Amino acid sequence: MDYSTKFAPWLALGCISPRYIYEQIKKYERERTANQSTYWVIFELLWRDYFRFVALKYGSKLFFPKGLQDKPVPWKKDPKLFDAWKEGRTGVPFVDANMRELAVTGFMSNRGRQNVASFLTKDLGIDWRMGAEWFEYLLVDYDVCSNYGNWLYSAGIGNDPRENRKFNMIKQGLDYDVNGDYIRLWVPELQNIQGGDVHAPWALSNSALAHAGITLGETYPLPIVKAPEWSRHINQKPDSGGFAARRGKGPSLTPKQHRNRGIDFYFSRNKNV
């Protein structure tokens, strides 16, 4: 429960000032320590302010299907695919876990929101506005500027300077939930798959699935889509235990290569950032 500050609902409703949070963090850094948590909380406060300025600048273009870039994209409106996404039945565990958490609690981590939005728009090609409206319906911290600004960004028609940014669901899952604890919490039908193997149950042998009591297509869905780039991470075999052998714990893990690079990550054209 403590993988994020949970300030967002209070900020969205005006119950607490972002300036107050900022000043308290700077005080904490002076008196105790500056670390990854303090860096990223301040960065996300800046990101939140940024989307307010975006909304002031672009106004109602925030809601246009072509987005801020006036970029035509042949979005689909497939109700079956959309229902699988919103109900956490895509067969892609990292996506499903996040969508189920949202449905039950009205909350999802920032990293989860970026991933499920990328999956809906880039992997499924579904109209980004359907996802934005679903978030608007469920989020306890719903904020029009942040919600629609982030969805435009994820759909590739917002402020992202990099063309066709797409999140790799397997890599992201292994980066942020390396041992699969978060997935097993929200997708209990996969709880008998140990370690990081839970991120791609379709890649397991029939005997491994039988041992875990799983029948794909019955007890848990087959993936509704499989992106070719996922295989690079499914087939990695560090140490001796398959990709489950990676070390780390839970969705709060910040991969070393992502630390202290917020501005570069979000606004650089360099694909190696």
Side-chain angles (χ1 to χ4, degrees), residues 1-55 94 97-98 101-102 104-117 135 139-147 149-150 153-154 159-160 165 167 171-186 195-196 199 238-239 245-268 270 272-273:
M1 289 181 65
D2 296 328
Y3 67 80
S4 71
T5 66
K6 302 301 190 298
F7 285 147
W10 310 98
L11 284 164
L13 294 172
C15 301
I16 191 170
S17 160
R19 292 187 179 192
Y20 178 76
I21 295 173
Y22 172 82
E23 294 298 339
Q24 289 298 308
I25 291 172
K26 300 311 285 186
K27 179 182 177 183
Y28 177 90
E29 289 182 332
R30 287 192 305 271
E31 297 178 354
R32 299 186 66 179
T33 185
N35 55 32
Q36 287 302 304
S37 293
T38 59
Y39 171 86
W40 281 105
V41 173
I42 289 174
F43 177 80
E44 294 300 341
L45 288 174
L46 292 172
W47 191 236
R48 178 180 178 275
D49 279 358
Y50 173 72
F51 277 134
R52 271 146 192 76
F53 288 112
V54 168
F94 192 56
N98 276 287
E101 181 185 15
L102 173 65
V104 172
T105 69
F107 187 82
M108 187 190 298
S109 70
N110 179 60
R111 180 58 47 168
R113 298 180 201 202
Q114 292 180 11
N115 274 279
V116 301
F135 272 29
L139 284 174
V140 294
D141 61 8
Y142 170 71
D143 173 278
V144 61
C145 303
S146 294
N147 186 58
N150 270 308
Y153 181 94
S154 295
N159 304 92
D160 194 348
R165 184 195 300 266
F167 284 79
K171 180 182 184 301
Q172 288 283 305
L174 289 168
D175 278 350
Y176 289 92
D177 183 30
V178 64
N179 289 323
D181 298 330
Y182 174 72
I183 286 176
R184 281 183 290 274
L185 175 65
W186 291 106
H199 285 281
D239 299 334
R246 294 190 186 196
R247 299 290 183 258
K249 199 169 187 180
S252 62
L253 174 70
T254 300
K256 189 176 294 184
Q257 70 271 24
H258 291 182
R259 293 174 182 170
N260 296 324
R261 69 168 199 176
I263 297 297
D264 285 340
F265 179 77
Y266 287 106
F267 296 105
S268 174
N270 180 3
N272 295 318
V273 169

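Just the heavy atoms: all of them, side chains too, but no hydrogens, waters or symmetry mates, feed the values below. What you see is a predicted model; the values in this text were computed from it and never measured.
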Compare all side-chain heavy atoms of [X] with those of [Y] and state whether any distance is below 4.5 angstrom.
X: S4; Y: N110; answer: no
X: C145; Y: V54; answer: no
X: L185; Y: E101; answer: no
X: W40; Y: T5; answer: no
X: Q114; Y: Y153; answer: no

Quiz item: Which side-chain hydrogen bond (donor to acceptor under 3.5 Å, both in side chains) pairs, counting each pair once, include a residue from residues 9-24, with sequence neighbours left out?
Solution: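 Sorted result for residues 9-24: empty, none.
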Quiz prompt | Q172 side, atom CD; H199 side, atom NE2 - distance, nearest 0.5 Å | solution = 11.0 Å
Exercise. Would you give the length of the straight line joining atom CG of D141 to atom CZ of F135, rounded to the nearest 0.5 angstrom?
Key: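 D141 CG to F135 CZ: 10.0 Å, rounded to 0.5 Å.
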How close do [X] and [Y] get, counting heavy atoms only, and between which atoms?
X: M108; Y: N98; value: CE-O, 3.3 Å
X: L11; Y: I16; value: CD2-O, 3.6 Å
X: E29; Y: Y39; value: OE2-N, 4.4 Å
X: Y142; Y: A12; value: O-CB, 3.7 Å
X: I42; Y: K26; value: CD1-CD, 3.7 Å

Is a side-chain N or O of [X] found less than 3.5 angstrom from the main chain of [Y], in a donor-acceptor match?
X: R48; Y: S146; answer: no
X: D177; Y: F94; answer: no
X: T38; Y: A34; answer: no
X: N179; Y: D181; answer: no

Quiz item: In terms of side-chain heavy atoms, does Y50 have a donor or acceptor partner in N159 at a distance below 3.5 Å?
Solution: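 Yes, N159 and Y50 have a side-chain donor paired with an acceptor closer than 3.5 Å.
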Practice problem: Give the ring-plane orientation class for W47 versus F43, where under 30° counts as parallel, over 60° as perpendicular and anything between as tilted. | Solution: parallel
Practice problem: Would you please test L45 and I21 for side chain to side chain contact (heavy atoms under 4.5 Å, CB included) and show each step? | Solution: CA-CA 9 Å; L45 288 174; I21 295 173; 3.9 Å; yes
Quiz item: Please walk me through it: do D175 and R111 pass side chain to side chain contact (heavy atoms under 4.5 Å, CB included)?
Solution: CA-CA 11 Å; D175 278 350; R111 180 58 47 168; over 6 Å; no
Quiz prompt | Test salt bridge (charged side-chain N to carboxylate O under 4.0 Å, His left out) applied to D49 and R52, step by step | solution = CA-CA 5 Å; D49 279 358; R52 271 146 192 76; 5.3 Å; no
